[in-house]
Amino acid sequence: MTDLGAGRITASFASLGAAATHLAVAPSHFGDWPLSGVFFFATAIFQVGWALAVMRTASLPTMAAGLLVNTGSILLWAVSRTSGLPVGPHSGLPEQVDRVDLTTVAFEAAVCVLVLWSLWSRHTRGFRSSFSAAVVIGAAGAGVTGLALPAVELAGSHSHGHGHEVTEESVPHPHSDGEEHPATPAGGEGGVTPTPPVAGESREPEQQPQPTSGHAHSPGTAPHDD
């Protein structure tokens with residue numbers, strides 16, 4: 001345990017954090033495209049296995065495998081968020097960047113940096129005691145957990161937003177006879193607002209003037225023809 005070194009411990013926990021977020025979003029990806037879901041499950045399984053392996057040995061094949069897989073995952077993510085994947089049901093459509101993606105990429109980038117550091121300085125010093133190693137393990141575990149848990153919770157509602165998707169609200173749909181169209185004001189037809197009456201005028205029909213005769217009759221006399 002004293003020979004592990006802080007770099008290997010931190011890289012191991014970072015790999016576990018990336019595996020947790022990959023496992024959390026894998027079901028939604030699998031429902032969208034089964035091959036994508038298989039990729040996320042396989043990547044998560046590898047990252048868990050690599051985290052356990054690097055705690056036991058820092059051999060060149062182990063470190064190189066972690067570097068290649070995590071680098072490839074970051075590059076694939078960059079392509080899917082810029083130009084879009086060349087295959088799949090949403091080929092050519094870039095996906096939106098969210099907190100889950102950024103957290104996962106941060107974990108994978110940390111693994112790559114720490115692996116490169118370990119390969120560059122092959123004779124790094126370990127811990128002086130097991131207690132020091134346990135403290136670093138606890139700190140690394142707490143830090144990775146604090147970053148991974150919010151991302152895993154958000155992954156439950158993870159959705160794939162694409163740049164040119166058509167939403168339900170933008171698609172025309174018929175309305176029933178009793179349903180008022182949202183674009184039509186109350187009391188109007190086809191979006192035309194009825195003109196309010198001018199002040200002093202009423203909507204009642206005007207009374208027609210009564211015809212009058214050419215001369216008047218005195219009270220009590222019957223009308224006669226001229």
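Residue indices begin at 1 and follow the sequence shown.
For the atom pair Asp101 CG and Thr21 OG1, the distance stands at 9.0 Å (nearest 0.5 Å). In this structure, CG in Leu154 is found 8.0 Å from CG in Asp98, a value given to the nearest 0.5 Å. Atom CG of Leu52 and atom OG1 of Thr62 lie 11.5 Å apart (nearest 0.5 Å). Taking CD1 from Ile137 and OG1 from Thr10, the interatomic distance works out to 9.5 Å, rounded to the nearest 0.5 Å. The distance from atom CE of Met63 to atom OG of Ser118, rounded to the nearest 0.5 Å, is 4.0 Å. For the atom pair CG of Leu114 and CD1 of Ile9, the computed distance is 11.0 Å after rounding to the nearest 0.5 Å.
The two atoms that bring Pro94 and Thr82 nearest to each other are CB-O, 3.3 Å, heavy atoms only. Smallest separation of non-hydrogen atoms from Ala14 and Phe107: O-CB, 3.4 Å. Residues Ala140 and Phe13 share a closest heavy-atom pair of CB-CD1, 3.9 Å. When all heavy atoms are compared, the tightest approach of Cys112 to Asn70 is SG-CB, 3.6 Å. Scanning all heavy atoms of the two residues, the minimum distance from Thr103 to Leu147 falls at CG2-O, 3.6 Å. Of all heavy-atom pairs spanning Gln47 and Ala18, the tightest one is OE1-C, 3.3 Å.
Of the possible polar contacts, none joining the Ser15 side chain to the Ala11 backbone as a donor-acceptor pair under 3.5 Å is found. Of the possible donor and acceptor atoms, none in the side chain of Thr43 sits under 3.5 Å from a partner among the backbone N and O of Phe40. A donor-acceptor contact shorter than 3.5 Å links the side chain of Ser80 to the backbone of Trp77. Checking side-chain atoms of Ser12 against main-chain N and O of Met55 turns up no donor-acceptor pair under 3.5 Å.
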*asked:* Between Thr104 and Glu108, is the side-chain contact (heavy atoms from CB on, under 4.5 Å) condition met? List the steps.
replied: CA-CA 6 Å; Thr104 306; Glu108 293 173 336; 4.0 Å; yes
*List the steps, then state whether side-chain contact (heavy atoms from CB on, under 4.5 Å) holds for Trp120 with Val115.*
CA-CA 9 Å; Trp120 180 70; Val115 167; over 6 Å; no
*How far apart are the C-alpha atoms of Leu76 and Leu85, what are their side-chain angles, what is the distance that settles it, and do they pass the side-chain contact (heavy atoms from CB on, under 4.5 Å) test?*
CA-CA 8 Å; Leu76 187 62; Leu85 295 176; 3.7 Å; yes
*Worked check of side-chain contact (heavy atoms from CB on, under 4.5 Å) between Leu102 and Val97*: CA-CA 7 Å; Leu102 295 178; Val97 179; 3.7 Å; yes
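When the side chains of ILVMFWY residues are joined at heavy-atom separations under 4.5 Å, either directly or via intervening members, Val100 and Ile74 end up in two distinct hydrophobic clusters. Both Leu116 and Trp50 sit in one connected hydrophobic cluster of ILVMFWY residues. Membership requires side-chain heavy atoms under 4.5 Å apart, directly or through other members. Cluster membership check: Trp117 does not share its hydrophobic cluster with Val113, using side-chain heavy-atom separations under 4.5 Å among Ile, Leu, Val, Met, Phe, Trp and Tyr. Residues Val105 and Val111 do not share a hydrophobic cluster, defined by chaining ILVMFWY side chains whose heavy atoms lie under 4.5 Å apart. Leu68 and Leu60 fall into different hydrophobic clusters, where Ile, Leu, Val, Met, Phe, Trp and Tyr are joined by side-chain heavy atoms under 4.5 Å apart, directly or via other members.
Within 6.0 Å of atom CZ in Phe30, 12 or fewer heavy atoms from other residues, nucleotides or ligands are found, so the atom counts as exposed in its surroundings.
With a 4.5 Å cut-off on side-chain heavy atoms, Pro34 and His29 do not count as touching.
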